J.: 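Once you've had a glance at the structure underneath, I'll fire off some questions.
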Number of protein chains: 2
Amino acid sequence: MASDSAKRLTIYDLARFAETSPSTVSAVLNGSWKRRRISQKLADKILTLAQSEGYSANMQARALRRERSGIIGMILPLYDNRYFSSIAQHFEAQARKRGLFAIVACTNRDPAQEREAARMMLAYRVECLVSTGATDPDTISLMCEEAGVASLNLDLPGSKAPSIISDNRDGARRLTLAILDRLDANGAAHSDGVLFIGGRGEDHNTRERIEGFIKARTERGLATRDADILPCDYAADKAQVALEAYMRHRTRLPAAMFVNSTIALEGIVRWLQQSGHQLDEVTVGCFDWDPLAAALYPHLMMARQSVEVMIEQLFAMIDDPAQAPGTLVEVAPELIGI
Amino acid sequence: MASDSAKRLTIYDLARFAETSPSTVSAVLNGSWKRRRISQKLADKILTLAQSEGYSANMQARALRRERSGIIGMILPLYDNRYFSSIAQHFEAQARKRGLFAIVACTNRDPAQEREAARMMLAYRVECLVSTGATDPDTISLMCEEAGVASLNLDLPGSKAPSIISDNRDGARRLTLAILDRLDANGAAHSDGVLFIGGRGEDHNTRERIEGFIKARTERGLATRDADILPCDYAADKAQVALEAYMRHRTRLPAAMFVNSTIALEGIVRWLQQSGHQLDEVTVGCFDWDPLAAALYPHLMMARQSVEVMIEQLFAMIDDPAQAPGTLVEVAPELIGI
DNA sequence: ACACTTTGCACAACCGATTGTGCATGTTTC
DNA sequence: GAAACATGCACAATCGGTTGTGCAAAGTGT
């Protein structure tokens, strides 16, 4: 029977009920009562009372006084792909395990939204802020530094905070080698080339993956033409348009493609379908992972970033700060469908 | 140059800098200064100062005093499918539009985790709590009621708070009709039946979808056997196992399947593949949506739940409370690939 | 019986904002 | 020129916890 007007229970109410003082109630409820030499008997009484009355501490008041919010924040480009949503989910689980409350904000790969979200999180006094796939991680780190809050980068590196990212270069290299192996096994001619498509030319990960791609080809004695590298951004439509344009100058499909994200893959597949092609006409390796796509198309090779490990490393750094700002941890992705 | 020891700026600091009082600074910064007859000149001075010094209000203090946290909470089964992650993303966007801060917690379809997350959110004094796909929404509503906090249900209905859900029954009916039309068009024999697979027999949505499924078949003069309805839970493995078991008693694949979620689809597809079947051997309608699957397999029929509309309806109810607890809003899903 | 220590708790000052109220000036009215 | 009103701001209480400190009463030693 909670009436709207009935204010929530406070330690002052409990103190009255238990005929003791608010400070004693507080000590009992936050666990510091042993240290404060509160008797077992009184503690039990208060705990029982709190339980039966359904008391729940006001976190704002606690945070205000303790100058610790118990909140940890993350900014994320978006939720709706397997990689980022998995990051959010593991982040939350690990935060909870540490008694922290996780808050996550989507910022759509937009620097202005990233800053705005960071500002809000700092206003809520997060104890630590993780920038995931941020287009401008260093500005976020600066904002955090001014507020005296720890910051970390995930997925994309920054120079002003420690970063945990995938080993993009070697992952791309291994994926490319797998593609080339597959072509060899199929007896396909390498002369048709392999197209690298998707991602942002300006972003660190895409650049690294391109280098890994080229490196693998070099190892196999293959040269790589600039025209075969199309970082057309992270968007299905853009990939579709880019492939369309690419194919205008060609008579045949490339033998294989290195597709730099599932969202780009979506555009590729749509273009193939609309152009009357089958997906199996081209060998595809995707630097990203989606289980349904894997089930639907088992020949698809994919690099699955090790989200669990990355989040573990992230919290290892959070638990033990004092990392140099430039620290870079690279986690090897796992190849699937090889 | 923020030193670690330097505490964050407060209105007291600003008051000293501007040679005025904290209450005046507060009024200026929270917009109530006109009403309080603070002069334009002083207001400008304070605003400029706050800007240049990078002041940001302590939300805990504000929340404590105002007895309004500015936070709105949502519990969610999980992030990693397109439906729920899209819900989270739209929820956040709409919340931000209203100046609210959204916090989302994953509870893995586990009633205990649901309660625990709700408890935390109430401790942070959320102004409203949305239970999405909750296995036990009514308990959450009760907890909220005791705390004097509004609660709403999304995706799955409850009896103690207004609910916004998909029109599962009619959506399933329309999807089933589309499946039957497709079978007719292909000249397939109906006698092989259509298998309904996936979801939880106990959950409202699955039950409704089963009814819609049966209704559509009845409309076409088809009887439905209990054995052709397999609500094997939301999990790829369970769907795979269920299909395996189902097929042990049959010599041929069913002509079509009504797959009750993309996660079940994953298991179905894996079983087909492992059993040497092609996905095109069976007509599939999936009550769920995934754009990559749609691209990879355009023949797949899917019911896409209208997340945007549902979230709009949700916030319409939040903006204007005073709905009867039992209110049920049903939003029609959209059929894709028909 | 006296000094000394331990036990058990209450007091009160915060944390940083918000807001009802009061009180000097300055301006208008008749 | 006095009363009446408006302007512009400061004071202080408050939200609900946390925590340093103080002080009785009970226990211990001699």
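To find a chain, count down the sequence lines: A is the first, B the second, and so on, and within it residues start at 1. All figures in this text were calculated on a predicted structure; none of them were measured in a lab.
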J.: Is there a side-chain contact between A:Tyr83 and A:Asp155 in this structure, where contact means two heavy atoms from C-beta onward sitting under 4.5 Å apart?
T.: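 A:Tyr83 vs A:Asp155: side chains touch.
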J.: So, B:Ser131 versus B:Glu114: side-chain donor-acceptor pair below 3.5 Å or not?
T.: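 Note: B:Ser131 and B:Glu114 side chains miss the donor-acceptor criterion.
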J.: Salt bridge check, A:Glu127 against A:Arg68: does any charged N sit closer than 4.0 Å to a carboxylate O?
T.: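 Looking at A:Glu127 together with A:Arg68, the answer is yes, because their closest N to O distance falls below 4.0 Å.
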J.: Quick check: closest heavy atoms across B:Ala102 and B:Ala95, and the distance to 0.1 Å?
T.: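 For B:Ala102 and B:Ala95, the tightest heavy-atom pair comes out as CB-CB, 3.9 Å.
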J.: Ignoring hydrogens and angles, state whether a donor on the side chain of B:Asp136 or B:Thr139 is under 3.5 Å from an acceptor on the partner side chain.
T.: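 The answer is yes; a qualifying pair exists.
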J.: Go nucleotide by nucleotide along DNA chain D from the 5' end; which of A:Arg35 and A:Leu9 gets its closest nucleotide reached first?
T.: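 Counting from the 5' end, the first nearest nucleotide belongs to A:Leu9.
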J.: So A:Ala63, base contact, sugar-phosphate only, or nothing? Heavy-atom distance under 4.0 Å.
T.: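 No contact.
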J.: Identify the heavy atoms of B:Ser69 and A:Tyr124 that sit nearest to each other, and give their distance.
T.: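 Scanning both residues completely, I find the closest heavy atoms to be O-OH, 2.9 Å.
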J.: Rounded to whole angstroms, how far apart are CZ on A:Arg62 and C1' on C:dC14?
T.: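 It works out to 17 Å between those atoms.
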J.: Figure out the CZ/C1' separation between A:Arg68 and C:dG16, and round it to whole Å.
T.: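 Distance, rounded to whole Å: 18 Å.
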J.: I need the residues from residues 37-49 of chain B with at least one non-hydrogen atom less than 4.0 Å from DNA chain D; give them sorted by number, or say none.
T.: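 Only B:Arg37, B:Ile38, B:Ser39, B:Leu42 qualify.
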J.: Rounding to a whole Å, what distance do you find between B:Met59:CE and C:dG16:C1'?
T.: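 After rounding, the reported distance stands at 13 Å.
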J.: By a strict heavy-atom criterion of less than 4.0 Å, which residues belonging to residues 18-30 of chain B are in contact with DNA chain C?
T.: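 The stretch gives B:Ser23, B:Ser26, B:Asn30 as the residues lying under 4.0 Å from the strand, ordered by number.
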J.: On DNA chain D, reading 5' to 3', which nucleotide is the first and which the last to sit with an atom under 4.0 Å from a heavy atom of chain A, could you check?
T.: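 Terminal contacting nucleotides, 5' to 3': D:dG16 to D:dT21.
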J.: Does the distance from a Lys or Arg side-chain N to an Asp or Glu carboxylate O, for B:Asp44 and B:Lys41, drop under 4.0 Å?
T.: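 No.
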J.: Do any side-chain nitrogens or oxygens of B:Tyr55 fall under 4.0 Å of OP1 or OP2 in C:dA17?
T.: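 Indeed, a polar side-chain atom of B:Tyr55 lies that close.
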J.: Angle between ring planes, B:Tyr79 versus A:Tyr79, binned at 30° and 60°: parallel, tilted or perpendicular?
T.: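 B:Tyr79 vs A:Tyr79 ring planes: parallel.
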J.: Give the intermediate values and the outcome of salt bridge (Lys or Arg N to Asp or Glu O under 4.0 Å) for residues A:Arg8 and A:Asp13.
T.: CA-CA 9 Å; A:Arg8 317 263 291 258; A:Asp13 301 320; over 6 Å; no
J.: What's the CG-C1' distance between B:Asn58 and C:dG16, to the nearest Å?
T.: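 So the two atoms are 6 Å apart, to the nearest Å.
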J.: Strictly by modelled atom types, are B:Glu330 and B:Ser166 linked by a side-chain donor-acceptor pair under 3.5 Å?
T.: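 Judged by distance alone, the side chains do not pair up.
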J.: Given that B:Ile11 and A:Arg36 both sit by DNA chain C, which one's nearest nucleotide is further toward the 5' end?
T.: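 Nearest-nucleotide comparison on DNA chain C picks A:Arg36.
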J.: Whole angstrom is fine here: how far is it from CD in B:Glu67 over to P in C:dA17?
T.: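 These atoms are roughly 17 Å apart.
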J.: Within the structure provided, determine whether B:Asn58 and B:Thr10 are in side-chain contact (heavy-atom separation under 4.5 Å).
T.: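 A side-chain contact under 4.5 Å is absent here.
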J.: Can you find a side chain N or O atom of A:Arg65 that sits less than 4.0 Å from OP1 or OP2 on C:dC14?
T.: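 For A:Arg65, the contact criterion (side-chain N or O under 4.0 Å from OP1 or OP2 of C:dC14) is not met.
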